[in-house]
K.L.:
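I'd like to ask you about the structure that follows.
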Amino acid sequence: MTSTLSLQPKDAAEINDMFFAASASERALILHNLADTPLRASPRIPAARAARAIETLEMAAFAADLENFTLELGETLILPARVTAQLVNDPGGEPLACAARALNMPSAMFQRVLLFLNPAIGTSVNTVYRLSRLYDRLSERSALIMLAAWRGSTMAMTRAKYRPGLYDDERHRVRSAPGQTRPVATPPDAGVVPRSGSQGSGR
């Protein structure tokens with residue numbers, strides 16, 4: 001299908017909220033269905049930049065350095081720290097799979113990231129196996145659409161945060177603006193004060 005529909009911030013926020021609220025099986029279905037939608041995906045991350053990021057992410061995962069892993073991922077995917085932390089710390093692991101697929105991380109490397117980065121995931125054989133299978137079936141297009149949703153949802157939250165203040169400010173500005181009045185012409189001698197009859201020679 002032709003990718004002609006750009007994700008509006010409101011729609012992106014709805015997809016984001018629906019995805020994070022879904023169960024593991026529902027998330028897998030959402031990602032599967034996204035590949036067949038006409039939604040426009042985010043552009044691919046440049047190959048050289050992605051390769052450098054993948055190397056840094058793997059080293060951070062081996063060291064269980066969650067902070068640097070999150071920082072590198074956010075900078076590479078151009079996501080705010082809050083959003084990146086949400087997808088890295090998600091207990092299900094599906095958002096992390098999307099982020100890794102958006103970088104085109106090799107499957108074997110993604111498995112190593114799962115094993116070392118987050119003990120809650122790495123110590124669960126079933127979770128690692130489930131996410132590895134999901135990753136192998138996950139299309140790059142679905143991952144890049146989710147990336148577009150994450151970026152768009154950030155815009156939606158920013159607009160929602162500042163819109164009430166801006167609206168009230170504009171309304172106040174309209175009410176307080178004085179009406180324009182045309183200047184009244186002043187006669188040339190309007191400022192001259194006539195002299196009283198008791199002064200001078202004319203009585």
K.L.:
Compare all side-chain heavy atoms of Thr84 with those of Leu71 and state whether any distance is below 4.5 angstrom.
P.N.:
no
K.L.:
Tell me, which pairs form a salt bridge (Lys or Arg N to Asp or Glu O under 4.0 Å) where one or both residues lie in residues 53-64, sequence neighbours left out?
P.N.:
Glu58-Arg112
K.L.:
Looking at Leu96, Asn118, Leu66, which one forms a side-chain contact (heavy atoms from CB on, under 4.5 Å) with Asn89?
P.N.:
Leu66
K.L.:
Measure the shortest side-chain to side-chain distance between Pro80 and Trp150 over non-hydrogen atoms and say whether it is less than 4.5 angstrom.
P.N.:
no
K.L.:
Looking at Leu77, is its backbone amide N or carbonyl O close enough to the side chain of Arg151 to form a donor-acceptor pair, meaning the two atoms are under 3.5 Å apart?
P.N.:
yes
K.L.:
If I compare all heavy atoms of Ala41 with all of Leu144, which pair ends up nearest, and what's the gap?
P.N.:
CB-CB, 3.7 Å
K.L.:
First locate atom CG of Leu114, then atom OH of Tyr135, and finally report the distance between them rounded to the nearest 0.5 Å.
P.N.:
9.5 Å
K.L.:
Can you tell if the side chain of Arg141 reaches within under 4.5 Å of the side chain of Leu34, non-hydrogen atoms only?
P.N.:
no
K.L.:
Can you list everything that forms a ring pair (Phe, Tyr, Trp, His ring centres under 6.0 Å) with Phe62? Sequence neighbours excluded, please.
P.N.:
Phe116
K.L.:
Just jot down the side chain to side chain contact (heavy atoms under 4.5 Å, CB included) partners of Asp90, sequence neighbours excluded, or say none.
P.N.:
Phe20, Arg27, Glu94, Pro95
K.L.:
Please check: side-chain N/O of Glu26 versus main-chain N/O of Ser23, any donor-acceptor pairing under 3.5 Å?
P.N.:
yes
K.L.:
How far does OG1 of Thr37 sit from CG of Leu7, to the nearest 0.5 angstrom?
P.N.:
8.0 Å
K.L.:
Quick check against the 3.5 Å criterion: does Ser153 have a side-chain atom that pairs as donor or acceptor with the backbone of Ala13?
P.N.:
no
K.L.:
Would you mind reporting whether Thr123 and Leu115 have side-chain heavy atoms less than 4.5 Å apart?
P.N.:
no
K.L.:
Check the pair Leu87 / Leu79 against side-chain contact (heavy atoms from CB on, under 4.5 Å), numbers first and verdict last.
P.N.:
CA-CA 10 Å; Leu87 65 93; Leu79 289 172; 3.8 Å; yes
K.L.:
Is there a path from Leu31 to Met18 through hydrophobic residues (I, L, V, M, F, W, Y) whose side chains come within less than 4.5 Å of each other?
P.N.:
yes
K.L.:
Salt bridge between Glu72 and Arg49, side-chain N to carboxylate O under 4.0 Å?
P.N.:
yes
